[in-house]
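The residues of the chain are indexed from 1 along the displayed sequence.
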Amino acid sequence: MRQTLVAGNWKLNGSKESIQELLKGILAGMSEAKTAVAVCAPYIYIPMVQEILSGTEVGFGSESISEHDSGAFTGEISGSMLNDFSCQYAIVGHSERRTIFGEKDADTANKFAAARKYGLTPILCLGELLEEREAGTTEEVVARQLDAVIGLEGVGALADAVIAYEPVWAIGTGLTASPQQAQDVHAFIREKIAKLDAGVAEKVQILYGGSVNGGNADELFSMPDIDGGLIGGASLKAEDFLAICRAG
Ligand code: PGA
């Protein structure tokens, strides 16, 4: 039985004060959480997040990672730096990295490899644009994004990873994929992995992301192949985030 995971993705939000308050609120409500819980923070706040969360049951990580180990890569943060602050997770391939910052499938695969190299659990985001869904190419797009990672790292690498299916048209828009729409893509992803390695397919957590909130989380998480959520907007207020952690 796979454990349900709810991971927050704060994106470019928060301040020293608001994050302290948010984490205090999350910790205060953790006794009611039915899921495993983690937060992914802007790099600069990670030392503070570590200080507040170490020794608690809330995991934490980064929103991206450099594919490089060290050297002349201005502005980058490496896996070993994230290790210095005990990060457990690194989001890779978020659609905002892909569409706004031009990260290609191959870049995402390299970041996935870097996370694993440093013992971090990559949260690998996959998802189609609205025009791709309308053109009927959702499965093709998700398969291509996943194949880039499998091609570089092998299917076995997914055993130490989390996948997040996030239809781009549902992110931050209030438009959630219906539980059945999400389930269909999750099942497709799991079946695709199962063709290569049934054990890995059974084990890997596949989260859904895209306008998840306290009102829709229960139904989404009750689908057989949805193992939790990657949460943007609703991860910024403790009460909203906890409402999702109480689902599932
Ligand atoms: P959202 O973002 O919950 O605000 O739609 C999800 C994400 O981008 O991971």
Side-chain angles (χ1 to χ4, degrees), residues 1-7 9 34-38 40 59-65 67 79 82-83 87-95 97-98 103-128 137-167 177 179-210 212 220-231 248:
M1 196 49 196
R2 292 178 297 272
Q3 192 185 17
T4 306
L5 169 67
V6 171
N9 170 17
K34 291 208 193 108
T35 67
V37 178
C40 293
F60 61 93
S62 61
E63 300 175 9
S64 186
I65 180 174
E67 63 190 82
L82 296 173
N83 278 169
C87 284
Q88 293 129 287
Y89 296 95
I91 297 174
V92 300
H94 190 278
S95 68
R97 301 299 320 170
R98 294 177 189 265
E103 288 181 8
K104 304 272 182 277
D105 293 337
D107 301 320
T108 296
N110 288 334
K111 285 169 181 279
F112 182 100
R116 287 191 66 241
K117 178 173 174 183
Y118 290 98
L120 298 155
T121 300
I123 301 178
L124 169 65
C125 300
L126 313 172
E128 81 288 1
T137 56
T138 297
E139 292 186 354
E140 201 180 300
V141 169
V142 166
R144 190 201 71 222
Q145 293 170 336
L146 187 57
D147 279 338
V149 169
I150 295 174
L152 184 71
E153 287 283 274
V155 68
L158 294 172
D160 314 316
V162 172
I163 293 174
Y165 167 60
E166 300 202 305
Q180 192 56 52
Q181 270 176 327
Q183 164 61 26
D184 288 347
V185 182
H186 283 232
F188 167 77
I189 293 169
R190 203 179 301 284
E191 278 160 24
K192 180 175 163 56
I193 297 168
K195 282 185 196 143
L196 300 169
D197 189 319
V200 172
E202 191 49 41
K203 182 175 174 220
V204 66
Q205 288 167 312
I206 308 179
L207 314 184
Y208 167 78
V212 178
L220 283 161
F221 297 173
S222 69
M223 302 308 279
D225 288 297
I226 301 183
D227 307 313
L230 184 58
I231 319 299

*Asks:* Can you find a side-chain donor-acceptor pair between D227 and Q205 that sits under 3.5 Å?
*Replies:* no
*Asks:* Quick one: are L207 and L5 in side-chain contact, heavy atoms under 4.5 Å?
*Replies:* yes
*Asks:* Check step by step if side-chain contact (heavy atoms from CB on, under 4.5 Å) holds for R190 and I206.
*Replies:* CA-CA 8 Å; R190 203 179 301 284; I206 308 179; 3.8 Å; yes
*Asks:* How long is the gap from SG on C125 to CD1 on I163, to the nearest 0.5 Å?
*Replies:* 10.5 Å
*Asks:* Mind checking ring pair (Phe, Tyr, Trp, His ring centres under 6.0 Å) for H94 and listing every partner two or more places apart, or none if nothing turns up?
*Replies:* none
*Asks:* As a quick check of understanding, evaluate side-chain contact (heavy atoms from CB on, under 4.5 Å) for I231 and N9, giving each step before the final call.
*Replies:* CA-CA 6 Å; I231 319 299; N9 170 17; over 6 Å; no
*Asks:* Got Y89 and L82 here, is their nearest side-chain heavy-atom distance under 4.5 Å?
*Replies:* no
*Asks:* Apply salt bridge (charged side-chain N to carboxylate O under 4.0 Å, His left out) to the pair E202 and R2, showing each step before the final yes or no.
*Replies:* CA-CA 8 Å; E202 191 49 41; R2 292 178 297 272; 3.5 Å; yes
*Asks:* Does D107 use its side chain to pair, donor to acceptor, with the backbone of K104 at less than 3.5 Å?
*Replies:* yes
*Asks:* Any chance you could lay out the side-chain contact (heavy atoms from CB on, under 4.5 Å) test for D147 and D105, step after step, and finish with the verdict?
*Replies:* CA-CA 9 Å; D147 279 338; D105 293 337; over 6 Å; no
*Asks:* Under the salt bridge (Lys or Arg N to Asp or Glu O under 4.0 Å) rule, collect the residues that match up with D197, sequence neighbours excluded.
*Replies:* none
*Asks:* Please report the shortest heavy-atom distance between I123 and C40, naming the atom on each side.
*Replies:* CD1-SG, 4.2 Å
*Asks:* Do V162 and L124 come close enough that some side-chain heavy atom pair is under 4.5 Å?
*Replies:* no
*Asks:* Would you indicate whether the side-chain heavy atoms of F188 and T138 approach each other to under 4.5 Å?
*Replies:* no
*Asks:* Once side-chain hydrogen bond (donor to acceptor under 3.5 Å, both in side chains) is applied, do any residues pair with D160, and if so which ones, sequence neighbours excluded?
*Replies:* R116
*Asks:* In Å, rounded to the nearest 0.5 Å, how long is the span from CD1 of I189 to CG of D184?
*Replies:* 11.0 Å
*Asks:* Between CZ of R144 and CD of E139, what distance do you get to the nearest 0.5 Å?
*Replies:* 14.0 Å
*Asks:* May I have the step-by-step check of side-chain contact (heavy atoms from CB on, under 4.5 Å) for Y208 and E166, ending in yes or no?
*Replies:* CA-CA 6 Å; Y208 167 78; E166 300 202 305; over 6 Å; no
*Asks:* Below 4.5 Å, heavy atoms only, C-beta onward: do V92 and I65 meet side chain to side chain?
*Replies:* yes
*Asks:* Can you find a pair of side-chain heavy atoms, one from L220 and one from H186, that are under 4.5 Å apart?
*Replies:* no
*Asks:* Find the distance between CG (L196) and CD (E191) and round it off to the nearest 0.5 Å.
*Replies:* 12.5 Å
*Asks:* For the atom pair OG1 (T4) and CD1 (I226), what is the distance rounded to the nearest 0.5 Å?
*Replies:* 10.5 Å
*Asks:* Does any part of the side chain of L158, heavy atoms only, come nearer than 4.5 Å to the side chain of L146, both counted from C-beta?
*Replies:* yes
*Asks:* For F112 and A157, which heavy atoms make the closest approach, and how far apart are they?
*Replies:* CE2-CB, 3.9 Å
*Asks:* Does S64 offer a backbone N or O that forms a donor-acceptor pair with the side chain of R97 under 3.5 Å?
*Replies:* no
*Asks:* Is it true that a side-chain atom of K111 and a backbone atom of E67 form a donor plus acceptor pair closer than 3.5 Å?
*Replies:* no
*Asks:* L230 and A164: which non-hydrogen atoms are nearest, and at how many Å?
*Replies:* CD2-CB, 3.9 Å
*Asks:* Consider only side-chain N and O atoms of Q145 and Y165, and report whether a donor and an acceptor are under 3.5 Å apart.
*Replies:* no
*Asks:* If I take atom OG from residue S62 and atom CG from residue L120, how far apart are they, to the nearest 0.5 angstrom?
*Replies:* 6.5 Å
*Asks:* Are the side chain of R98 and the backbone of G93 linked by a donor-acceptor contact shorter than 3.5 Å?
*Replies:* yes
